[in-house]
Amino acid sequence: MGDLELLLPGEADVLVRGLRSFPLREMGSGGWNQQHENLEKLNMQAILDATASQGEPIQELLVTHGKIPALVEELIAVEMWKQRVFPVLCRLEDFKPQNTFPIYMVVHHEASIVNLLETVFFHKEVCESAEDTVLDLVDYCHRKLTLLVARSDCGSPPEEEESQYGTPIQELQKQAERMEFEISLKALSVLRYITDCVDRLWPVPQPVQLQWADSESVQQLLACWLLSPGKLQQFEGGRWQTVAPSEQQKLSKLDGQVWIALYNLLLSPEARARYCLTSFAKGQLLKLRAFLTDTLLDQLPNLADLQGFLAHLALTETQPPKKDLVLEQIPEIWERLERENRGKWQAIAKHQLRHIFSPSEQDLRLQARRWAETYRLDVLEAVTPERPRCAFCSAEASKRCSRCQNEWYCCRECQVKHWEKHGKACVLAAQGDRAK
């Protein structure tokens with residue numbers, strides 16, 4: 001598994017075998033926390049393996065034990081918890097936690113899963129092993145892509161504003177909102193990898209057509225992203241950065257993923273035989289011709305085929321829908337979870353308030369010790385693509401909190417300003433280290 005190992009092969013096998021989806025009511029519980037820690041270890045090891053380019057046993061174990069469907073269901077379950085239970089929890093009058101880190105771990109869980117899926121879905125056999133849940137994953141990515149397009153119409157998300165007077169819950173809600181954007185970017189990468197496998201996932205002989213819900217909508221959302229007003233900022237390295245005039249013609253990683261996904265959906269033989277474009281869809285796609293410049297084609301030569309496809313499309317009339325038998329595949333995980341929990345959101349929130357998110361000081365110390373063991377600093381530094389950023393102002397940081405060793409700062413002044421927010425977590429982390 002590379003020079004820097006977090007898990008031995010036997011340990012990884014045990015952790016993968018134990019993966020399962022939890023009911024919404026149990027999120028944040030002891031068993032759920034154990035799985036979250038296991039997922040983080042698998043996530044970090046998968047990144048280390050991919051970086052070392054010496055085989056990727058985590059990906060192989062997930063396929064061998066058939067655990068991709070479980071990860072997809074857990075991903076959608078925590079997404080539903082964040083949308084249905086978390087807002088109710090924040091509105092409860094008696095919800096005044098002294099420490100919000102246990103709740104933050106549930107909020108962060110979605111990012112952990114989608115990051116692991118992004119790492120392993122590069123391999124087509126992983127995509128195939130998702131079986132029917134790949135439709136639910138496409139549906140999930142569709143929701144996140146809708147969010148990205150909506151935000152692109154409004155410009156980049158506002159820069160983080162530190163408030164020394166916000167309540168812990170308000171700070172947690174801000175963190176969840178900022179995290180949602182980064183999750184959406186990861187989901188876009190997953191969607192692009194799924195489009196690489198369109199021909200292998202849905203090979204159906206004519207005259208039967210097999211469609212997945214929102215397939216044309218995905219194409220239109222991808223096109224809308226590329227057609228959004230000129231982007232003078234790019235999201236790189238976890239933060240928005242202004243694009244220098246000399247760099248504005250350079251293809252960003254995000255736009256590159258969108259172009260490739262659109263290329264796959266429009267030019268794959270299976271997709272072209274299956275979908276009939278409407279007049280509106282045709283008009284939107286033809287607008288992309290203006291963006292297929294020589295500069296772009298130099299950076300992504302395969303788009304010359306897309307340019308030829310659009311030139312041909314401009315000369316052809318839209319065809320009426322085929323009268324073949326059409327079988328439409330429908331994602332079912334989101335609807336099933338909502339049906340099972342409808343009308344129970346407040347009961348779930350109250351149960352979690354009483355039994356999960358009100359831990360004693362001793363419980364917090366024990367959990368802090370486990371977090372410290374999970375998030376090993378040498379591994380975190382190895383998987384971080386850039387220099388650490390200041391926890392207060394986001395500038396490049398070179399100084400680490402000497403007490404907990406978890407947060408980074410660019411200067412003493414920023415550390416002092418951030419202490420009101422960081423203090424309680426710092427004390428718990430330090431106590432966890434001493435308890436080892």
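Below, each value reflects all heavy atoms present in this structure, side chains not excepted, and no hydrogens, waters or symmetry copies. It should be emphasised that the depicted structure is a prediction, and the values quoted were computed from it without experimental measurement.
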Does atom CD of Glu413 have more than 12 heavy-atom neighbours from other groups under 6.0 Å away?
no

Taking Ser129 for the side chain and Val126 for the main chain, is one N or O donor matched with an acceptor at less than 3.5 Å?
yes

In terms of heavy-atom contacts, does CD of Gln83 have more than 12 from other residues, nucleotides or ligands at under 6.0 Å?
yes

Mind telling me whether Phe122 and Tyr193 have parallel, tilted or perpendicular rings, with 30° and 60° as the class edges?
perpendicular

Donor-acceptor pair, distance only, cut-off 3.5 Å: does the side chain of Gln352 make one with the backbone of Leu24?
yes

Measure from the ring center of Trp81 to the ring center of His109 and say whether it is less than 6.0 Å.
no

Keeping to residues at least two apart or across chains, list the salt bridge (charged side-chain N to carboxylate O under 4.0 Å, His left out) pairs with something in residues 68-78.
Glu73-Arg336

With sequence neighbours excluded, give me every side-chain hydrogen bond (donor to acceptor under 3.5 Å, both in side chains) pair touching residues 297-310.
Tyr263-Asp305

Is it true that Asn33 and Glu37 share a donor-acceptor pair across their side chains at a distance under 3.5 Å?
no

Is a donor on one side and an acceptor on the other found under 3.5 Å between the side chain of Lys67 and the backbone of Arg17?
yes

Does Glu125 reach the side chain of Gln59, with side-chain heavy atoms less than 4.5 Å apart?
yes

May I ask you to decide if Leu337's main-chain N or O and Asn341's side chain share a donor-acceptor pair within less than 3.5 Å?
yes

Is any side-chain heavy atom of Phe357 less than 4.5 Å from a side-chain heavy atom of Val106?
yes

Checking side-chain polar atoms at under 3.5 Å, does His108 have a donor or acceptor matched by the opposite partner on Ser112?
yes

In Ile333, Ile183, Leu117, Thr133, the residue satisfying side-chain contact (heavy atoms from CB on, under 4.5 Å) with Leu75 is Leu117

Does Glu332 offer a backbone N or O that forms a donor-acceptor pair with the side chain of Asp136 under 3.5 Å?
yes

Quick one: do Arg178 and Glu182 make a salt bridge, cutoff under 4.0 Å?
no

Just verifying a value: how many Å separate Glu340 CD and Met80 CE, rounded to the nearest 0.5 Å?
9.5 Å

Run Ile58 and Thr119 through side-chain contact (heavy atoms from CB on, under 4.5 Å) and show every step you take.
CA-CA 10 Å; Ile58 301 302; Thr119 303; over 6 Å; no

Just by distance, do the side chain of Lys282 and the backbone of Thr316 share a donor-acceptor pair under 3.5 Å?
yes

In terms of relative ring orientation, are Phe101 and Tyr104 parallel, tilted or perpendicular, with 30° and 60° separating the classes?
parallel

Answer whether the closest heavy-atom distance between the side chains of Val134 and Ile68 falls below 4.5 Å.
no

Lys41 and Glu11 ion-paired at < 4.0 Å:
no

Can a donor-acceptor pair be found between the side chains of Gln284 and Gln219 at a distance below 3.5 Å?
no

